Amino acid sequence: MNKYLDIAPEVKEALAQGRPVVALESTIISHGMPYPKNVETALLVEDTIRKNGAVPATIAVIGGRLKAGLSHEEIEYLGKAGRDVAKASRRDLPALVARGADGATTVTTTMIIAHMAGIQVFATGGIGGVHRGAETTMDISADLEELAQTPVMVVCAGAKSILDLGLTLEYLETHGVPVIGYGTEELPAFYTRKSGFGVDYRVDSPEELAAMFRAQRDLGYKGGMLVTNPIPEEYAMDKAVIDAAIEQALKESVEQGVHGKETTPFLLARVVELTGGDSLESNIKLVLNNAAVAARTACRLCE
Ligand code: PSU
Ligand code: MN
């Protein structure tokens with residue numbers, strides 16, 4: 001085991017016994033949602049994983065230790081600290097570890113630490129991708145590169161249209177990452193069920209997802225798999241409302257010169273403010289929906 005890694009006792013025991021475990025990220029807690037909804041959601045997601053037969057392992061960096069499985073107190077701390085906690089991507093782990101610092105893990109670093117711990121399935125809300133205007137800014141999330149090189153299944157609700165979804169799919173294709181639609185042929189766009197872009201394969205059950213992931217491992221691929229699970233119909237947002245909020249947030253980010261790692265948290269927070277919290281409720285529901293699919297798939301993978 002990596003000398004910087006701490007696996008929570010419950011997670012360690014489940015892994016040793018070959019029982020299902022699902023990883024969860026912490027940037028969604030500290031940078032993706034406001035306090036206290038973020039903490040409530042994080043705990044609710046853990047409950048959902050348990051109700052669906054798996055053990056949750058929320059991942060973060062605390063005091064320079066890579067943590068797979070957090071206590072309620074640690075989740076509360078990350079939620080309360082919010083954007084004061086460093087958003088930790090791949091490039092940040094060496095500094096955080098060396099300095100004994102804290103970090104909220106993105107999809108990228110959650111995949112890295114999950115894989116170190118031996119966890120194969122990870123549930124979140126949305127992934128990072130190719131940003132709109134990337135042809136000049138070169139802002140492409142490290143999440144895509146990680147999906148190309150780390151063997152973890154990431155279950156999400158697609159990507160927000162703060163990104164260029166077409167270019168994000170092109171990037172994933174180039175890097176050999178299978179994009180699966182769960183019960184859909186169309187890539188979901190996070191708040192809405194449709195994006196206008198197709199996925200590579202549609203699957204309709206956790207069994208099928210487990211079979212594809214197993215085949216990917218058996219083929220010796222190094223990378224992971226992206227499962228996109230549409231938000232339940234009743235919680236989906238009106239496309240015109242969410243598109244207008246995203247356009248406004250993007251416009252402000254350009255005007256204010258927001259760039260680098262700040263871009264995504266800025267856009268996420270502005271969209272929540274501009275939609276008066278409706279988008280936050282949708283966000284919570286879709287994460288819970290993804291947690292259930294991830295947990296059921298992790299169960300099938302253990303059979
Ligand atoms: N997109 C969302 N919600 C999120 C994120 C992205 O809809 O919470 C977070 C995730 O942690 C993701 C990270 O890994 O932002 C991507 O940041 P960047 O675009 O800077 O790579
Ligand atoms: Mn970026």
Side-chain angles (χ1 to χ4, degrees), residues 23-35 37-38 41-42 45 58-61 78-79 82-83 85-93 103-114 122-148 150 152 154-165 167-168 171-172 187-192 195 224 226 228-231 237 242 245-246 249-250 253 258-272 275 279-287 289-291:
L24 298 163
E25 62 156 306
S26 45
T27 290
I28 189 174
I29 305 175
S30 58
H31 293 66
M33 292 183 188
Y35 181 81
K37 278 276 178 190
N38 53 2
T41 304
V45 173
T58 301
I59 289 179
V61 185
L78 290 171
R83 285 164 75 176
V85 179
K87 174 180 158 194
S89 192
R90 176 174 268 273
R91 58 140 184 222
D92 303 301
L93 289 187
T105 53
T106 61
V107 167
T108 297
T109 39
T110 303
M111 290 179 77
I112 295 173
I113 297 170
F122 162 22
T124 189
I127 59 156
V130 180
H131 279 263
R132 295 211 223 161
E135 53 284 10
T136 49
T137 63
M138 290 183 73
D139 189 352
I140 299 173
S141 175
D143 292 353
L144 301 183
E145 198 62 37
E146 207 59 49
L147 279 160
T150 301
V152 171
V154 179
V155 182
C156 69
K160 290 194 174 86
S161 53
I162 59 172
L163 303 173
D164 186 318
L165 300 183
L167 292 186
T168 299
Y171 193 100
L172 290 168
L187 179 77
F190 199 89
Y191 298 117
T192 56
S195 66
L226 186 65
T228 63
N229 182 30
I231 184 169
M237 290 189 72
I242 197 66
I246 286 172
L250 283 166
S253 76
V258 179
H259 66 276
K261 71 194 285 187
E262 284 312 317
T263 301
T264 297
F266 175 89
L267 294 172
L268 298 179
R270 276 306 280 149
V271 168
V272 172
T275 55
S279 66
L280 180 59
E281 284 312 310
S282 295
N283 196 345
I284 293 168
K285 298 297 188 194
L286 66 83
V287 177
N289 189 44
N290 297 339

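Just so it is clear, the structure is predicted and the values come from calculations on it, not from any experiment. Residues: numbered from 1 along the sequence shown. Atoms within a ligand are numbered from 1 in the order they appear, just like the ligands themselves.
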Open item on the list: For G133, is there any backbone N or O sitting under 3.5 Å from a side-chain donor or acceptor partner on D139?
Closed with: no

Open item on the list: Under a 4.0 angstrom heavy-atom cut-off, which atoms of ligand 1 come close to K87?
Closed with: 17 (O), 18 (P), 20 (O)

Open item on the list: Considering both backbone and side-chain atoms of E25, is one of its nitrogen or oxygen atoms within less than 3.5 Å of a nitrogen or oxygen in ligand 1?
Closed with: yes

- [ ] Return yes or no for this condition: an N or O of K160 is under 3.5 Å from an N or O of ligand 1.
- [x] yes

Task: Within reach of ligand 1, part of T124 (heavy-atom separation under 4.0 Å) - done: neither

Open item on the list: Students should be able to answer this: which protein heavy-atom is nearest to atom 4 (C) of ligand 1, and at what distance?
Closed with: L268 CD1, 3.5 Å

Open item on the list: Is the shortest side-chain heavy-atom distance between E135 and L167 below 4.5 Å?
Closed with: yes

Open item on the list: Among residues at least two apart in sequence or on other chains, which ones pass side-chain hydrogen bond (donor to acceptor under 3.5 Å, both in side chains) with T228?
Closed with: none

Open item on the list: Show me which atoms of ligand 1 lie under 4.0 Å from any heavy atom of H131.
Closed with: 19 (O)

Open item on the list: Among I162, D143, L144, which one puts a heavy atom closest to atom 12 (C) of ligand 1?
Closed with: D143

Open item on the list: Rounded to the nearest 0.5 Å, what separates atom CG in N289 from atom CG in N229?
Closed with: 4.5 Å

Open item on the list: Can you report which non-hydrogen protein atom sits closest to atom 21 (O) of ligand 1, along with the distance?
Closed with: S141 OG, 2.6 Å

Task: Pairwise distance CD1(I242) to CD1(I162) - rounded to 0.5 angstrom - done: 10.5 Å

TODO: Report, as yes or no, whether the 6.0 Å neighbourhood of atom NZ on K261 holds more than 12 heavy atoms from other residues, nucleotides or ligands.
DONE: yes

Open item on the list: With heavy-atom distances below 4.0 Å as the criterion, list the atoms of ligand 1 near F190.
Closed with: 7 (O)

Task: Short N or O distance, V107 and ligand 1, threshold 3.5 Å exclusive - done: yes

Open item on the list: As a check for students: among A104, A88, S26, G126, identify the option with a heavy atom nearest to atom 6 (C) of ligand 1.
Closed with: G126

Open item on the list: Give me the residue, atom name and distance of the protein heavy atom closest to atom 9 (C) of ligand 1.
Closed with: T27 CG2, 4.1 Å

- [ ] Rounded to the nearest 0.5 Å, what's the gap from OG1 on T106 to CD1 on I28? Could you check?
- [x] 12.0 Å

Open item on the list: I need the K160 NZ to T264 OG1 distance, nearest 0.5 Å.
Closed with: 9.0 Å

- [ ] Work out whether the distance between some heavy atom of H31 and some atom of ligand 1 is less than 4.0 Å.
- [x] no

Task: Y191 side chain near V271 side chain, heavy-atom distance below 4.5 Å - done: yes

Open item on the list: Taking the side chain as everything from C-beta on, heavy atoms only, tell me whether T41 gets closer than 4.5 Å to I29.
Closed with: no

Open item on the list: Would T264 count as a polar contact of ligand 1, with the cut-off being nitrogen or oxygen pairs under 3.5 Å?
Closed with: yes

Task: Test of proximity, K261 against ligand 1: N or O pairs below 3.5 Å - done: no

TODO: At a cut-off of 2.8 Å, list the protein N/O/S atoms near the Mn ion (ligand 2), residue plus atom name.
DONE: D139 OD1

Open item on the list: Main chain of R91, side chain of S89: is a donor-acceptor contact present, judged purely on distance under 3.5 Å?
Closed with: no

- [ ] Indicate yes or no: at least one non-hydrogen side-chain atom of E281 is less than 4.5 angstrom from one of K37.
- [x] yes

Task: Within-4.5 Å side-chain heavy-atom neighbours: I112 and R90 - done: yes

TODO: Decide whether the shortest distance between a heavy atom of M33 and an atom of ligand 1 is less than 4.0 Å.
DONE: no

- [ ] Could you tell me whether the side chain of I231 reaches within less than 4.5 Å of the side chain of S282, counting heavy atoms only?
- [x] yes

